[in-house]
Amino acid sequence: MMLASLKPSAALGSTRHVRRPMSMSMAPVAQGASKLRTNRHAFASNTVATRGSAHRLAATARKSQTVTASVAPKKILMLGGTRFIGVYVARMLIEQGHEVTLLTRGKSPVTAQIPDDTDDSYASYASAVKHIACDRKDAEAMKAALSGKGFQVVYDMNGREADEAEIVLEAMPDLEQYIFCSSAGVYMKSDTMPHREEDEVDYASRHKGKLNTEKLLSDRGVTFTSIRPVYIYGPLNYNPVEEMVFHRLKEGRPVMVPGSGMQVTQLGHVKDLAVAFVKCMGNPKAYNQIYNISGERFVTFNGFVKACAEAAGFPVPEIVNYDPKSVDLGKAKAFPFRDQHFFTSIDKAMADLDWNPEFDLVSGLRDSYEKDFGRGNFRKAADFSADEIILASK
């Protein structure tokens, strides 16, 4: 094994799999929650598989998954791969025997040992992974760097705009599969939840570049798979999701939560996400498909704070619910999530990819805390300025 811990150990608690309703009508429950709009229009029908009983089977067929090689070794180009999601995906692919080359601008180290590595597994990974230093936005440089290299599969972990993917396609027109990291943030707000892959999308969202990339891949006739994660957490997370709460727990501070705190959301562990990415490659069911990937259970904002405390071994903190419309925080941020209900169905991925999340929320947060924040590692220093503004307004 390249990674010392690809799934939670018994000590971290076993995953509970509970069948949830396939859809539910959610109305805003917090004063600051965004007004949701109803929509169930089809999007990119040629890229979304027909739903039926097959997509429901995964909810009852639960089994521990092992990432084993299911396709012949491939020559893979990964755009990104030096932080968070790509770090885990690259290790899993190399463990399966694939040849992986990371393409980055070369401004940061290509490899670094992570808490999930053993000394031996890291040495094996570092000696196997290859690297190309190039700016993916420079079409001529990309063509020179990639043409004739024989790459069969692309993992695009950091693409933001369609023209970035087009440069890759122009340099390598004969790819077998293009696997793209998109975002569940592309969905139009809706009164009907959870979001499914065929739901209406919002081309005015801040993730419109992801949508344009999906459309490009479809229009160009490329065999592609697009993954739409919801909120991602876990060791090495560069977004202050769990870290924001851990900072407050460590200092014994209250946690500011917008509205009633009963907004419902969804998080997925980075290693579960990485497994899904790997299972897409060479899987005919995943060709020209889009998948939501996250944890199986939903959680309220208040519940997320409590789960962080349980996972890290702290007492449940004081939770201060506030009206976000009544305070001006400027650019300061008090809570990591958008003030709205936001969760998806992952049934399609579980059925097509033979995948199911290994981590429940508490065990996943414990994995994150013990391998990152609990060791004194964090991406951003604590900033309680937003908290002070909210508390002063009370």
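Between R379 and D372 there is a salt bridge, since a side-chain N of the basic residue sits under 4.0 Å from a carboxylate O of the acidic one. A salt bridge between R220 and E170 is present, with a side-chain N of the basic residue lying under 4.0 Å from a carboxylate O of the acidic one.
Relative ring orientation between Y369 and F314 is described as perpendicular, the plane-to-plane angle rising above 60° on a 0-90° scale split at 30° and 60°. In this structure, F180 and Y178 have tilted ring planes: the angle between them lies in the 30° to 60° band. The aromatic rings of F378 and F373 are tilted relative to each other, their planes meeting at an angle between 30° and 60°. Using a 30° and 60° split on the angle between ring planes, F343 and F298 fall in the tilted class, from 30° to 60°.
For D352 and Q289, the side-chain atoms include no donor-acceptor pair closer than 3.5 Å. Counted by atom type alone, S385 and D383 present one or more donor-acceptor pairs between their side chains at under 3.5 Å. In this model, no donor atom of one side chain and acceptor atom of the other lie less than 3.5 Å apart for D117 and Y125. Of the N and O atoms on the side chains of Q177 and T225, at least one donor lies less than 3.5 Å from an acceptor on the other residue. Judged by distance alone, the side chains of E161 and N212 never bring a donor and an acceptor atom under 3.5 Å apart. Side chains of N292 and H195: a donor-acceptor N/O pair is absent below 3.5 angstrom, by distance only.
Applying the 4.5 Å side-chain rule to ILVMFWY residues, one finds M256, V320, Y322, V327, L329, I390, L391 in the same cluster as I389.
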> T101 and K149: side chain to side chain contact (heavy atoms under 4.5 Å, CB included), yes or no, with the steps?
Replying inline: CA-CA 11 Å; T101 299; K149 293 297 191 297; over 6 Å; no

>> Could you go through D116 and K271, starting from their C-alpha distance and side-chain angles, then the distance that decides it, and tell me whether this counts as side chain to side chain contact (heavy atoms under 4.5 Å, CB included)?
In response: CA-CA 10 Å; D116 280 286; K271 282 178 272 188; 2.9 Å; yes

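Under the side chain to side chain contact (heavy atoms under 4.5 Å, CB included) rule, R136 has a single partner from I167, N158, L146, T104, which is N158. When the options V299, L361, T344 are evaluated for a side chain to side chain contact (heavy atoms under 4.5 Å, CB included) with Q266, the one that passes is T344.
The side-chain tip of K75 points at the ring of F151 from less than 6.0 angstrom away and within 45° of straight on.
Annotation: the span from F301 atom CZ to R338 atom CZ amounts to 9.5 Å, rounded to 0.5 Å.
In this structure, the side chain of N239 does not engage the main chain of V241 through any donor-acceptor pair within 3.5 Å.
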